[in-house]
Amino acid sequence: MKNINIQAFFFTITLLCFNLPLNAQYQPNNISSADLKKANIWVNETYNSLSQDDKLGQLFIVALYTNKGEGHINDVRNIVANQKIGGLILMQDDAARKINLVNEFQKKSKTPLMIGMDAEWGLFQRIAAAHKFPWAMTLGAIQDKSLITEMAAKIAEDAKRMGINWDFAPVVDVNTNPNNPIIGNRSFGSEVQNVVNSAMAYSKGLQDNNILAAIKHFPGHGDTDQDSHLDLPVISHSLKRLNEIEIAPFKALMDKGIGGVMVAHLYVPALEKTKGIPASISKNIITGILKEQLGYKGLIITDALNMGAVANKYKAGELDALAFIAGNDIMLFSQDVATGKKLIQQAIDKGEISQNRVEESVKKILLTKYYLGLTSYEPRNPENINEDLNNASHSEIVQKMYANALTLIKDEHKLLPLDCKETYYYVPLEEAPYQTFLDQLNLNATVIVKKATEISAIPANSKVIVGFHKDNSTAYKPYKISTESKKTLAELTKNHQVILNVFGSAYALKDVDISKVSTVLVAYENNEDSMIATAKALSGQTKIWGKLPVLVNDQLKAGMGLDLRPSSRIDLPLKKNNKTLIE
């Protein structure tokens, strides 16, 4: 009898330990105890029905492209069928084809697939036909964080339309390095609390709508000057600094039910003593810090395993096994699932890891799939998908984001809002399109465009709007302003009252002399939506109240930004045409 009681005691303890991480990881809002019980029953029954090879397959997510030809698609088709993988990450580019393939693969999979995508700024990040949402740095300027939740809910709507369950976002790296080549615009800013508040709002918008979020890139990719897609960056800060800046957002968000943490390919000497070991395969960092010290119970996923930081050093498959042994639940973008599974099993057979590790990870994965509704997957209809991902409802919410992000650094001569009775001159600078902005300005005022070579013809003491229009075709384009543009700006300030509008990163002002510029605004991005929203704000139609999300230099610090209320001038008669006047 005593032995039975002891066994029962240990069974109870095991069950409690098993249930704790399940209850602590992502689960839908207001889930009932009955639903929790059903979830656990499904997880246990499904787990027990899987072969060991099938269980190991759940640990892998592979990439699916539609722009790499039929050979690639057939390779993925075979992996899904033969390796029983846990999911896919959708890459470029054809939305309708992706839907058809996901429908096919879900139908053929014994265990439902989790479908992920990098959709930090919406599905546009991978699908060019979709509507582009603002980058995180733009969102970091917004003061009403509920707007970010509203935007993320729209991204969730688009994801559901595609059959996507997991948005690998938001980035919670604190971008303290203006020269960061890979994070930059993808970060909410340089201040920990703003990053936390913005990321929480973003995650809420996704997960309240049953799309999983993933905070990334643990333990913090914000102060790097190398691109981990190419090489292994080193974060050489002290443990004190790491805890205060890099790790702080993760620590603040981990107990909020956020579904996943993505681990970066970074070498962090203060956390991993063995030289050159990336965080993504460091047991000290993943198991020792993330799981044990910080107590994170959700899904832990590697950054893409095809990235140069790790792929250049480790063999495919070997890398997957090292990542799992270190404590990851999911190996993302696996390059060799079969070898990875084989090496993980060998590690189990040798006693390097236990079967309990497989059970822990697979049951977390299965439970998440259950909560995301994958046990009753409904095929998506590819018809009209491009229109569904890019329409007026997207433009409306995106323009609202840009309007609320617009940041007024200074307005010394009270030049804003624009006066529809006055004539303004417009000088577009840098390399990107500007016509939409000019056309919108001309709806509410008389605006005469002048090229940089024509500024001498502008009458003295005029009001001149200068636009720094940076190429934003990707999030990684350089933000620096050319010497020629800086000279033109300086020349204009000698004889005119200047309104400078930066359609690009706030970092663009890092080495621009704005001491003699009357009015400076940062619009953060150069695209149709940002230009329309900015022109409306300049005309007094919307409130300007964004704040700088990053430390730019000693004069331009995070949190700076003036408030400008909408103007009654918009009640005055507006111009009836939008023709650009050119003298």
Side-chain angles (χ1 to χ4, degrees), residues 51 53-54 56-119 123-130 159 161-168 227-230 265 301-324 330-344 374 377 379-383 385-386 389 473-474:
S51 68
D53 190 63
D54 290 349
L56 295 178
Q58 289 298 298
L59 308 173
F60 296 84
I61 289 178
V62 301
L64 173 65
Y65 293 81
T66 55
N67 63 351
K68 286 192 172 183
E70 290 303 309
H72 163 78
I73 291 172
N74 282 328
D75 287 343
V76 175
R77 184 176 279 118
N78 290 332
I79 292 171
V80 170
N82 299 325
Q83 300 301 333
K84 307 297 191 295
I85 57 172
L88 299 167
I89 176 172
L90 303 187
M91 303 297 288
Q92 289 81 4
D93 190 37
D94 185 327
R97 186 76 200 281
K98 285 186 187 303
I99 287 176
N100 287 328
L101 289 168
V102 168
N103 287 340
E104 173 194 336
F105 296 158
Q106 291 287 24
K107 183 178 180 180
K108 292 180 178 178
S109 295
K110 176 182 177 182
T111 307
L113 297 163
M114 186 133 55
I115 308 299
M117 178 184 278
D118 289 312
L123 274 60
F124 176 83
Q125 189 169 351
R126 294 292 181 247
I127 299 174
R161 178 67 180 84
M162 285 284 298
I164 294 164
N165 324 109
W166 197 351
D167 180 358
F168 298 125
D227 181 352
S228 51
H229 291 85
L230 306 175
H265 305 312
I301 184 170
T302 68
D303 206 344
L305 295 180
N306 70 327
M307 292 168 62
V310 287
N312 293 341
K313 183 176 180 181
Y314 301 94
K315 293 179 181 178
E318 173 193 17
L319 180 58
D320 301 70
L322 289 171
F324 183 70
I330 298 174
M331 278 61 74
L332 178 65
F333 226 111
S334 175
Q335 301 295 285
D336 190 343
V337 175
T339 300
K341 289 165 70 174
K342 177 182 176 182
L343 293 176
I344 290 171
L374 281 165
Y377 177 79
R380 302 305 195 264
N381 186 345
E383 291 183 13
I385 182 60
N386 289 344
L389 298 179
S473 55
T474 77

Q.
Which residues pass the side-chain hydrogen bond (donor to acceptor under 3.5 Å, both in side chains) test with Arg380, not counting sequence neighbours?
A. none
Between [X] and [Y], which heavy-atom pair has the shortest distance, and what is it?
| X | Y | answer |
| --- | --- | --- |
| Ala95 | Asn386 | CB-OD1, 3.9 Å |
| Ala321 | Leu343 | CB-CB, 3.6 Å |
| Met331 | Leu305 | CB-CD1, 3.7 Å |

Pairs satisfying salt bridge (charged side-chain N to carboxylate O under 4.0 Å, His left out), at least one member in [range], at least two apart:
| range | result |
| --- | --- |
| residues 73-88 | Arg77-Glu104 |
| residues 331-341 | Asp53-Lys341 |
| residues 306-323 | none |

Main-chain N/O of [Y] paired with [X] side-chain donor or acceptor, under 3.5 Å:
| X | Y | result |
| --- | --- | --- |
| Ser334 | Val62 | no |
| Thr66 | Arg97 | no |
| Gln106 | Leu113 | yes |
| Lys342 | Gly317 | no |

Within the structure provided, determine whether [X] and [Y] are in side-chain contact (heavy-atom separation under 4.5 Å).
| X | Y | answer |
| --- | --- | --- |
| Val102 | Met162 | no |
| Phe105 | Ile115 | no |
| Leu56 | Phe324 | no |
| Leu88 | Leu101 | no |
| Arg161 | Ile99 | yes |

Q: Check side chain to side chain contact (heavy atoms under 4.5 Å, CB included) between Gln125 and all other residues, then give those that pass, not counting sequence neighbours.
A: Asp118, Glu120, Trp121
As an exercise, state the distance from [atom1] of [X] to [atom2] of [Y], rounded to the nearest 0.5 Å.
| X | Y | atom1 | atom2 | result |
| --- | --- | --- | --- | --- |
| Ile61 | Ile85 | CD1 | CD1 | 8.5 Å |
| Thr111 | Leu374 | OG1 | CG | 11.0 Å |
| Ile73 | Asn100 | CD1 | CG | 10.5 Å |
| Phe60 | Ile79 | CZ | CD1 | 11.0 Å |
| His265 | Ser228 | NE2 | OG | 6.5 Å |
| Leu59 | Ile330 | CG | CD1 | 8.0 Å |

**Q.** Partners passing ring pair (Phe, Tyr, Trp, His ring centres under 6.0 Å) against Tyr65 (at least two apart in sequence or in another chain)
**A.** His72
Q) So Leu123 and Met117, side chain to side chain contact (heavy atoms under 4.5 Å, CB included) or not? Walk me through it. A) CA-CA 8 Å; Leu123 274 60; Met117 178 184 278; 3.7 Å; yes
